[in-house]
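Basis for what follows: all heavy atoms, side chains included, without hydrogens, waters or symmetry-related copies. Throughout, protein chains are lettered first and strands after them, A, B, ... in sequence-line order, and every chain is numbered starting at 1.
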Amino acid sequence: MDSKFDFRQLESKLYQKWEKSGAFSPKIDKKKKPFCIIMPPPNAYDKLHIGHALFVTLEDIMVRYHRLLGEPTLWLPGADHAATASQIFFEQKLRGEGRSRHDLGRDKFNAELMTWMLEQRETMEGQLKVLGASCDWTRKKFTLDEDVSRAVVYTFKRMYEEGLIYRGKRVINWSPKSQTGLSDLEVIYQEVEGELTLIKYPLKGGGEIVVATTRPETMLGDTAVAVNPKDKRYKEMVGKTVILPLMNREIPVVADDYVDMKFGTGAVKVTPAHDPNDFEIGQRHNLEQIEVIGKDARITEAGGKYAGMKVTEARESVAEDLDKLGLLVERKKFVHSVPHSERTKEPVEQLLSEQWFVKVGPLAKPAIEAVKRGKIKMLPKRFEKIYFNWMENIRDWNISRQLWWGHRIPVYYLADDKSKYTVAFDAKVAEQELGGKVVQEEDTLDTWFSSGLWPFTTLGWPEKSQDFEYFYPTTVMETGHEIIFFWVARMIMLGLYCTGEIPFELVYFNGIVRDKENQKISRSKGNVIDPIEMVDKYGADALRMGLMMGTAAGQDTHVDEDKIRAHRNFANKIWNAARFISMQDASPQAIDKVDLTKEDKAFIKEFNGIVKQVTKEMNKYAIAQAGDTLYQYFWHQFCDVVIENSKPALYGDDDRQKSSAVATLNYILKNSLVMLHPFVPFVTEAVWQELYEGDLIVASWPK
RNA sequence: GGGCGCGUAGCUCAGUUGGUCAGAGCAGUCGGCUUACAUCCGGAAGGUCGGGGGUUCGAAUCCCUCCGCGCCCACCA
């Protein structure tokens, strides 16, 4: 053995050996309870970043631990088609080549994107291997695989038939830049210094009513003014008619509880086509919906002389015109929060659109119950509160995306009469059902719809496959807390709905990886640490330890190169301890076959205590704690004390002492390697191959 | 507006149900190329555990309050 652990030479060889040996693929044994993690699929086209490296490390530790316990262990890897991000990215790529998706058309665009994405996926998968991920590549899945897509259609169809999916015209969030609707979760609110404009609306027959708005241009689409029914100031005006300035439209004054008497003037202009709350007021009072803002964020024909203006231009123009008419009471600075697209960062428009929705209420109830009754646990527990808070106030979920890339909504319309439609697996079936030529819905599904089915579509559901029967419900879902609503909540709802069972027993939330200065790692900040570069420099074991140490479920964590380097030293320490022990000529015997010295007995007793402690910590998913226990013990007790203490015996002539020492050192080393293996799989396996029989990856956890 | 979390050595953080809990890594300091490892070994230094109050025989650990940070959800014109 060399005096240094040569990770560059050994890591990739060991990985290949593991993969070839079949150690990653579990054998189904009905007598044993399996352990299963479905990997949160990284974007197929994305290079792995440091956050991926953290989750891979944590999951791999869990998986290797359970494999060593002898449980049939499945870690199923996957790749995500990441609808919105991919389409935006690929369109940009095309633009760079002087092309656009419209040149290609839908089918060709998707075909090219698919080819490119499958290529990229190999890079991503190669990086998972570099990190040591012991996942079962024979079972890998892609979110656009044919069987997965079929399961998506199957689910959509069933939900539609049971009234859980409906089509409706609602005010939705619209991203003008990417030309698609967004779910509420894809919208972030940003504080913006704007203006609050007070406008006089003249009453027919004399008088006036003053309304306040941050968006004067939407008045073009006003179809009412609303006041609170309890508001004495306006009691007389309810039921009267207002002349909408600039448009000269007669609109009613209605009374509605939604209006807050204490805010502004207590009177609200109502624009049912461009505000979700106004939409609901409109429903209650039967108001007309006039769409004055188009999908291009410009004023429509319905906006009269303002047609064609950008909303921002119209805002000024309307205010000016009102001022000329003497109807502008005041414009004052006003800080308010404005909805923006999370992805493109531009302000979103709220406008009326026909979309497909999931009726979430009936799905949420059992999903709340499952967590309340402890069938699904979350780590840390505080996320259960966050989950309840959201689930109890959940609103219907817009699942239509106006994108080409993704699962196309399986709805077919009769070409001659689009009011007739059906949900079907393909056009032929739909044609038979509707008795005529059909066209498919243009929209695709929100990525999170298919992602919500991931824990079981990956296992072959809805077919009654062996994997599904055996591994489902899965054991652990390990993911980031930032997607608890996007993903975790949806998997629980859809899992219970589709399979009648929980999708997983435990949700383990990892934290966000930050840099030394506690900043989020992001490309724009230029503080990215490339995990693959770190592996190159210090080895995968060092990166894994550096990332994992000091983390706790739900807690953000820090990385810096120093920390990684420190653990490269640890990997080397393991290597050298083993090297020292391998240099002793006596052939090791089992500890129960040797007359142990009193001291060695004490060392073994102490070590058995460590085994108990680490096992307990691992079972609690206190992973970093277990890692720390092992680190401290191995370095500062085993190396600094036990080994040092053995030297006089090893170099002396007393055979009894010598064999006692050799047996003790080997016993502790061997079992330490097993326990350390989930954390630092490469160096431990490399050592094992030097000293012992078989493969460490399938050894047995000490008792 | 509602909810959640954090504040422990210079830095990054561990401290599970209150009693070897005052710790680790890195940085730093002093001394060592000792035949497993200088990617190492040994020694010393370093914190009134954010402030204040309370419960207790005893609190970094439980309760209250204040200060300072951060996150999530909803969105009020």
What contact category does [X] fall into here, base, sugar-phosphate, or nothing, at under 4.0 angstrom with non-hydrogen atoms?
X: A/Lys647; answer: base
X: A/Phe7; answer: nothing
X: A/Arg382; answer: sugar-phosphate

With the side chain counted from C-beta on, respond yes when A/Phe603 and A/Val641 share a heavy-atom pair under 4.5 Å apart, and no when they do not.
yes
Partner residues of A/Glu599 under the salt bridge (Lys or Arg N to Asp or Glu O under 4.0 Å) criterion, sequence neighbours left out:
none
For [N] versus [M], give the span between their [atom1] atoms, rounded off to a whole number of Å.
N: B/C72; M: B/U65; atom1: P; result: 25 Å
N: B/U55; M: B/C11; atom1: C1'; result: 36 Å
N: B/C49; M: B/G1; atom1: P; result: 34 Å
N: B/U56; M: B/A9; atom1: C1'; result: 29 Å
N: B/G7; M: B/G51; atom1: C1'; result: 12 Å
N: B/G46; M: B/C33; atom1: C1'; result: 29 Å
N: B/C6; M: B/C76; atom1: C1'; result: 31 Å
N: B/C40; M: B/U12; atom1: P; result: 24 Å

Could you check how far [atom1] of [X] sits from [atom2] of [N], rounded to whole Å?
X: A/Phe388; N: B/G2; atom1: CZ; atom2: C1'; value: 17 Å
X: A/Phe485; N: B/G2; atom1: CZ; atom2: C1'; value: 12 Å
X: A/Gln632; N: B/C21; atom1: CD; atom2: P; value: 13 Å
X: A/Met391; N: B/C73; atom1: CE; atom2: P; value: 15 Å
X: A/Trp487; N: B/C72; atom1: CH2; atom2: P; value: 20 Å
X: A/Glu392; N: B/C73; atom1: CD; atom2: P; value: 17 Å
X: A/His481; N: B/C73; atom1: NE2; atom2: P; value: 10 Å
X: A/Arg565; N: B/U39; atom1: CZ; atom2: C1'; value: 9 Å

Aromatic contact, A/Phe485 with A/Tyr387 (centres under 6.0 Å)
no
Does A/Ile643 or A/Gln625 map to a spot on RNA chain B nearer the 5' end, using the closest nucleotide for each?
A/Gln625
5'-most contact on RNA chain B (nearest-nucleotide basis), A/Tyr631 vs A/Phe580, goes to A/Tyr631
Could you give me the CA-CA distance, side-chain angles and deciding distance for A/Asn619 and A/Tyr65, then say whether side chain to side chain donor-acceptor pair (under 3.5 Å) is met?
CA-CA 10 Å; A/Asn619 289 339; A/Tyr65 169 61; 2.7 Å; yes
Taking Watson-Crick (N1-N3 plus N6-O4 or O6-N4) and G-U wobble (N1-O2, O6-N3), each under 3.5 Å, can you produce the dot-bracket string of RNA chain B? Use [ ] for crossing pairs and | for inter-strand ones.
(((((((..((((.........))))..((((.......))))......(((((.......))))))))))))....
For A/Glu392, the side chain to side chain donor-acceptor pair (under 3.5 Å) test, sequence neighbours excluded, returns A/Lys372
Quick one: list whatever passes side chain to side chain contact (heavy atoms under 4.5 Å, CB included) with A/Ala540, sequence neighbours left out.
A/Glu11, A/Val535, A/Phe682
Looking just at side-chain N and O atoms, do A/Thr271 and A/Lys269 make a donor-acceptor pair shorter than 3.5 Å?
yes
State whether A/Lys563 places a side-chain N or O below 4.0 Å from either non-bridging phosphate oxygen (OP1 or OP2) of B/C11.
no
Polar pairs (N or O, both sides) under 3.5 Å between protein and nucleotides 74-77 of chain B?
unit_1 : atom_1 : unit_2   : atom_2 : d
B/C75  : OP1    : A/Arg395 : NH1    : 3.4
B/C75  : OP1    : A/Arg395 : NH2    : 3.0
B/C75  : N3     : A/Ser337 : OG     : 3.1
B/C76  : OP1    : A/Asn277 : ND2    : 2.8
B/A77  : O3'    : A/Thr213 : OG1    : 3.2
B/A77  : O3'    : A/Thr214 : N      : 2.9
B/A77  : O2'    : A/Ala212 : O      : 2.7
B/A77  : N6     : A/Asp260 : O      : 2.4
B/A77  : N6     : A/Phe263 : O      : 3.0
B/A77  : N1     : A/Asp260 : N      : 3.2

Checking A/His49 side chain against A/Gly51 main chain: does a donor-acceptor pair fall under 3.5 Å?
yes
So does A/Gln584 reach the base of B/A36 with its side chain, donor to acceptor, closer than 3.5 Å?
no
Output yes when [X] and [Y] qualify as a salt bridge under the 4.0 Å nitrogen-oxygen rule, no when they do not.
X: A/Glu561; Y: A/Lys537; value: yes
X: A/Glu195; Y: A/Arg215; value: no
X: A/Glu384; Y: A/Lys381; value: yes
X: A/Lys4; Y: A/Asp2; value: no

Please write out each protein N/O paired with an N/O of nucleotides 40-44 of chain B under 3.5 Å, distance rounded to 0.1 Å.
unit_1 : atom_1 : unit_2   : atom_2 : d
B/C40  : OP1    : A/Asn569 : ND2    : 2.9
B/C40  : O3'    : A/Lys573 : NZ     : 3.3
B/C41  : OP1    : A/Lys573 : NZ     : 3.1
B/C41  : OP1    : A/Trp635 : NE1    : 2.5

Nearest-neighbour nucleotide for the A/Lys4 side chain, B/A36, B/U39, B/G3 considered:
B/U39
Test salt bridge (Lys or Arg N to Asp or Glu O under 4.0 Å) on A/Arg170 and A/Glu280 and set out the steps.
CA-CA 9 Å; A/Arg170 296 291 139 87; A/Glu280 282 176 21; over 6 Å; no
